[in-house]
Amino acid sequence: MLKYDPLACLPSSEELPDSDDTPVDNELQNIIPGLLKVILAMVWAERMDWFFGIDMGIYHDPDLAAIVPDGFLSLGVERFYDQDLRPSYVLWEEKKLPILVLEVVSKTYRGEYSTKKAEYARLGILYYVVYNPFRRRKPRLEVYKLVNNVYELDDSNPVWLPEIGLGIGLERGTYLGIPREWMYWYNQQGQRFLTPEEKEKVAEQKAQKAEQKAQKAEQKAQQAQQETQLLRERLRSLGVDPDLI
């Protein structure tokens with residue numbers, strides 16, 4: 001007797017579009033999730049059990065349109081499928097909800113504090129992160145954690161996320177040559193992880209210091225050699241063979 005698999009009738013990730021094709025009206029909506037992803041790629045370089053999607057459709061119901069956060073993090077899934085990567089994130093295939101979703105507020109309000117927040121809570125996504133670069137009087141970064149099906153706000157900076165093992169927060173820095181406030185990952189001690197450019201710069205500085213140290217050591221060796229030679233010549237001028245001393 002054949003066994004019926006209802007999931008076999010549902011469309012696969014290859015058949016579903018990866019986003020809603022809605023153009024962003026603020027570059028930060030792509031750059032900030034991109035920065036978080038490249039930092040994760042260094043911090044978790046040896047791990048293959050995570051995925052960070054950017055402007056990618058999350059399909060949660062075959063009868064409904066996908067939700068498309070600016071960024072999301074899933075744990076316990078394959079980091080890569082194959083060389084073509086994921087075309088979309090389909091829950092009935094992945095079988096793992098994202099643990100964190102990120103929305104970067106643009107000048108065109110998209111329901112980040114209302115409809116999207118309610119939708120993410122309904123789905124059961126543990127962390128909902130909202131960054132509003134246009135705020136002046138209220139916190140620009142808000143991290144919500146789902147507690148008893150209700151999002152509770154933590155507006156500290158950075159915020160430690162124990163289920164992920166990382167913190168998330170804001171700090172001024174320079175990325176892509178742009179000095180401004182950026183979003184970073186942090187360790188449990190509140191120290192932020194470096195960007196690729198910063199890590200490269202630190203490596204260059206270490207290499208320069210090592211080279212300078214080597215040059216100083218070589219100069220000292222040359223100076224000692226010169227002093228030894230002068231001493232030998234002085235001894236010879238006094239009628240003393242330095243080789244017999």
In plain terms, say whether Arg110 and Glu112 are close enough for a salt bridge, that is, a side-chain N and a carboxylate O under 4.0 Å apart. yes
Reported CG-to-CG distance for the pair Leu166 and Asn187, which is rounded to 0.5 angstrom: 9.0 Å
If you measure from OH on Tyr144 to CD1 on Ile125, what distance do you get to the nearest 0.5 Å? 15.0 Å
Rounded to the nearest 0.5 Å, what separation is found between the CD1 atom of Ile54 and the CE atom of Met56? 9.0 Å
So Phe72 and Leu102, side chain to side chain contact (heavy atoms under 4.5 Å, CB included) or not? Walk me through it. CA-CA 6 Å; Phe72 68 89; Leu102 166 67; over 6 Å; no
Can a donor-acceptor pair be found between the side chains of Tyr113 and Glu103 at a distance below 3.5 Å? no
Scan the side chains in residues 169-177 for donor-acceptor partners under 3.5 Å anywhere in the protein, sequence neighbours excluded, and list what turns up.
| from | atom 1 | to | atom 2 | distance (Å) |
| --- | --- | --- | --- | --- |
| Glu171 | OE1 | Tyr186 | OH | 3.0 |
| Glu171 | OE2 | Arg192 | NE | 3.1 |

For the residue pair Phe51 and Arg79, what are the closest heavy atoms and their distance? CD1-O, 3.8 Å
Taking NZ, NE, NH1 and NH2 as the nitrogens, is one of them in Lys96 or Glu78 under 4.0 Å from a carboxylate oxygen of the other? no
ILVMFWY cluster, Trp160 and Val130 together (side-chain gap under 4.5 Å): no
Quick check: do His60 and Glu119 have side-chain heavy atoms less than 4.5 Å from each other? yes
Taking side chain as C-beta onward, heavy atoms only, is Pro69 less than 4.5 Å from Tyr120? yes
Atom CD1 of Ile168 and atom CG of Leu73: how far apart are they, to the nearest 0.5 Å? 9.0 Å
Applying side chain to side chain contact (heavy atoms under 4.5 Å, CB included) to Leu97 and Leu91, what does each step give before you reach the verdict? CA-CA 7 Å; Leu97 268 176; Leu91 288 184; 3.7 Å; yes
Considering non-hydrogen atoms only, spot the tightest contact between Phe52 and Gly71 and give its length. CE2-CA, 4.3 Å
So for atom CZ, which belongs to Arg135, do other residues, nucleotides or ligands contribute more than 12 heavy atoms lying within a distance under 6.0 Å? yes
Heavy atoms only: give me the nearest Leu126-Tyr151 pair and the separation to one decimal. O-CE2, 3.7 Å
Charged tip of Arg140 within 45° of Tyr131 ring normal and under 6.0 Å: no
Could you name each residue pair satisfying salt bridge (Lys or Arg N to Asp or Glu O under 4.0 Å) that touches residues 148-169, not counting sequence neighbours? Lys145-Glu163
Say you draw a straight line from CD1 of Ile58 to CD1 of Ile67; how long is it, rounded to the nearest 0.5 Å? 4.5 Å
From CA spacing to verdict: side chain to side chain contact (heavy atoms under 4.5 Å, CB included), Val143, Leu153: CA-CA 6 Å; Val143 178; Leu153 172 63; 5.9 Å; no
Hey, could you give me the CG/CG distance between Leu161 and Leu100, rounded to the nearest 0.5 Å? 6.5 Å
Would you say Glu233 has more than 12 foreign heavy atoms packed within less than 6.0 Å of its CD? yes
Heavy-atom pair with the smallest gap, counting every atom of Trp182 and Ile31: CZ3-CG2, 3.5 Å
Is any side-chain heavy atom of Tyr184 less than 4.5 Å from a side-chain heavy atom of Gln191? no
Under 4.5 Å between any side-chain heavy atoms of Arg236 and Arg232, yes or no? yes
Could you check whether the rings of Trp44 and Trp50 sit parallel, tilted or perpendicular, using 30° and 60° as the cut-offs? perpendicular
Distance-only, no hydrogens or angles: does the Ser156 side chain make a donor-acceptor pair with backbone N or O of Val159 under 3.5 Å? no
Non-hydrogen side-chain atoms of Lys199 and Met42 separated by less than 4.5 Å: yes
Is it true that the side chains of Ser74 and Tyr89 contain a donor and an acceptor less than 3.5 Å apart? yes
Report yes if some heavy atom in the side chain of Ile32 is under 4.5 Å from a heavy atom in the side chain of Asp70; otherwise report no. no
I'd like to check Phe193 versus Leu36 (side-chain heavy atoms, cut-off strictly below 4.5 Å). Are they in contact? no
Start with the C-alpha distance between Met183 and Leu35, add both sets of side-chain angles, then the distance that settles side chain to side chain contact (heavy atoms under 4.5 Å, CB included), and finish with yes or no. CA-CA 8 Å; Met183 193 178 298; Leu35 173 57; 5.9 Å; no
Side-chain contact, heavy-atom cut-off 4.5 Å: Glu94 with Arg86? yes
